[in-house]
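Letters A, B, ... mirror the listed sequences (proteins, then strands); counts begin at 1. No hydrogens, no waters, no symmetry mates; every other heavy atom, side chains included, goes into these values.
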Amino acid sequence: MIYRYKAEDICLEHIFECGQTFRWRPAKNISGDAGHPEVYEGVCGGYFARVSLNDGVLTVDATGGDEEFWFNYFDLGRDYGEVKRVLSEKEPKILEATKQGYGIRILNQDFYEMLISFIISQNNNIPRIRKCIEAICEEYGEIIPGTDRYAFPKPEVLAAADVSRLAELKLGYRCPYIVESSKRFLEVGLPVENDTAALKKELLKYHGVGPKVADCIMLFGLGRVDAFPIDVWVKRIMNDMYGFELNDLKGMQAFAAEKFGEIGGLAQQYLFYYYREM
DNA sequence: GCGCAGGGGGTCG
DNA sequence: CGACCCCCTGCG
């Protein structure tokens with residue numbers, strides 16, 4: 001099915017390359033406006049999709065989902081112009097970052113997929129994260145009919161996976177985390193906590209999920225835009241921009257909450273993307 | 001060319 | 001606070 005949406009403040013390259021998702025890539029031999037690849041192909045949960053942007057119209061050609069699903073996935077209900085205004089008002093220094101990261105949007109992704117993906121991301125680099133995730137999908141996910149891509153594996157499958165077979169996918173010490181966390185997810189289901197701090201505490205119970213990964217799961221898998229993931233890049237940013245000691249996680253977290261409030265996660269994405277490009 | 005640190009969107013014990 | 005699986009990079 002094909003779905004079309006009128007959209008502002010959207011750039012596919014910035015959305016798919018800012019590190020929030022790992023299964024999208026530019027379609028070969030198709031280039032769009034302003035030198036940006038404006039056609040991407042990827043897998044979201046169990047759906048394959050080809051996505052393009054032309055004259056402010058987002059086109060999603062997908063094997064599943066519906067109009068509302070993709071509207072929500074691309075966070076089209078949020079006014080990012082307003083987000084940028086608010087952020088720049090709170091912190092003028094961020095204006096440059098919002099220009100550079102023009103069109104970034106926080107994707108509303110599947111909780112379990114984010115749980116496993118960001119467990120894999122720990123102490124790892126983006127190209128290898130992508131490889132690991134593709135490998136686990138090919139090995140444990142179902143092929144999507146009419147494509148050469150595989151759905152993200154179901155929790156039941158990974159919960160029952162043999163650790164030694166998982167290890168063949170070069171997931172390293174993360175293998176037991178993946179199996180244990182899948183089991184736990186099957187037991188406890190989606191978290192229900194309303195309060196962000198309580199929610200984070202709950203996520204930290206997953207083996208292999210620490211503060212940074214928990215924040216990513218909340219931001220990308222639970223729509224909590226107040227979550228502010230602090231990774232090595234954000235540490236450098238906070239050090240560089242505000243003089244925080246590199247190990248002063250608490251100070252940074254408190255500062256972000258104070259400075260960016262309810263939309264800290266959006267500020268984080270702009271800053272992260274901005275600094276990674278330099 | 002090749003071997004070896006060093007480090008990567010951290011977490012655990 | 002050190003170790004950790006694995007991969008890639010830079011340096012001698």
query: Base, sugar-phosphate, or nothing: which does Ile126(A) touch, judged by heavy atoms less than 4.0 Å apart?
result: base

field: Backbone N/O of Ile230(A) and side chain of Lys235(A): donor-acceptor pair under 3.5 Å
entry: no

- prompt: For DNA chain B, which ranges pair as stems of 3 or more consecutive Watson-Crick or G-U pairs, with both donor-acceptor distances under 3.5 Å?
  reply: B:2-8 with C:6-12, B:10-13 with C:1-4

- request: Remember a base hit wins even if backbone is also touched, and classify Pro127(A) as base, sugar-phosphate or nothing at under 4.0 Å, heavy atoms.
  value: nothing

message: Can you tell me which nucleotide in dC6(C), dT11(B), dG10(B) comes closest to the side chain of Pro211(A)?
response: dT11(B)

query: Just checking Lys212(A): base, sugar-phosphate only, or nothing, at a heavy-atom cut-off of under 4.0 Å?
result: base

- prompt: Are any side-chain N or O atoms of Asp110(A) and backbone N or O atoms of Gly45(A), one a donor and one an acceptor, separated by less than 3.5 Å?
  reply: no

task: Would you classify Tyr273(A) as touching base, sugar-phosphate or nothing, given that sugar-phosphate means primed atoms plus P, OP1 and OP2, and contacts are heavy atoms under 4.0 Å?
output: nothing

query: Taking atom C1' of dA3(C) as reference, at what distance in whole Å does atom CD of Gln122(A) sit?
result: 13 Å

message: With a 4.5 Å cut-off on side-chain heavy atoms, are Val83(A) and Val225(A) touching?
response: no

query: From the list dG10(B), dC7(C), dT11(B), which nucleotide is the closest neighbour of the side chain of Tyr173(A)?
result: dG10(B)

- request: For Tyr206(A) and dG10(B), give me the distance from atom OH to atom C1', rounded to whole Å.
  value: 19 Å

- request: Assign Val209(A) to base, sugar-phosphate, or nothing according to its heavy-atom contacts below 4.0 angstrom with the strands shown.
  value: sugar-phosphate

message: Measuring from the side chain of Val232(A) (C-beta onward, heavy atoms only), which nucleotide among dG10(B), dC7(C), dT11(B) has the closest atom?
response: dG10(B)

message: I need the CG-C1' distance between Leu166(A) and dC6(C), as an integer number of Å.
response: 15 Å

field: Euclidean distance, atom CD1 of residue Ile129(A) to atom P of dC8(C) [Å, nearest integer]
entry: 13 Å

- request: Give a yes or no on whether the backbone of Val234(A) and the side-chain of Gln268(A) come within a donor-acceptor separation of less than 3.5 Å.
  value: no

- prompt: Taking for each residue the nucleotide of DNA chain C with the nearest heavy atom, is it Lys131(A) or Gly172(A) whose nucleotide lies nearer the 5' end?
  reply: Gly172(A)

statement: CD1 (Ile106(A)) and CG (Leu266(A)) are apart, to the nearest 0.5 Å, by 5.0 Å

task: Pick the P atom in dC7(C) and in dG1(B), then give their distance to the nearest Å.
output: 23 Å

query: Counting only N and O atoms by type, is there a donor-acceptor contact under 3.5 Å from the side chain of His14(A) to the main-chain atoms of Tyr102(A)?
result: yes

- prompt: Quick one: do Asp215(A) and Lys200(A) make a salt bridge, cutoff under 4.0 Å?
  reply: yes

Residue from Phe152(A), Phe185(A), Phe118(A) passing ring pair (Phe, Tyr, Trp, His ring centres under 6.0 Å) with Phe111(A): Phe185(A)

query: To the nearest angstrom, how far is Lys200(A) atom NZ from dG10(B) atom P?
result: 14 Å

query: Contact class for Arg174(A) (heavy atom, under 4.0 Å): base, sugar-phosphate, or nothing?
result: base

- prompt: Nearest-Å distance, CG (Asn123(A)) to P (dG7(B))?
  reply: 12 Å

message: Can you measure Lys235(A) atom NZ to dG10(B) atom P for me and round it to whole angstrom units?
response: 7 Å

message: Any donor-acceptor pair, under 3.5 Å, between the side chain of Tyr177(A) and the base of dG10(B), if you only look at N and O atoms?
response: no

Atom-pair distance (CG on Asn125(A); P on dG10(C)), nearest Å: 13 Å

query: For Glu41(A), which of Arg149(A), Arg23(A), Arg50(A), Arg25(A) qualifies under side-chain hydrogen bond (donor to acceptor under 3.5 Å, both in side chains)?
result: Arg50(A)

message: Measuring to OP1 and OP2 of dG7(B), would you say a side-chain N or O of Arg236(A) lies under 4.0 angstrom away?
response: no

query: Quick one: which of dG10(B), dC12(B), dG8(B) gets closest to the side chain of His207(A)?
result: dC12(B)

- line: By nearest-heavy-atom nucleotide on DNA chain B, the more 5' of Gln269(A) and Leu204(A) is Gln269(A)

- request: Quick one: label Cys132(A) by what it contacts on the DNA or RNA (base, sugar-phosphate, nothing), any heavy atom closer than 4.0 Å.
  value: nothing

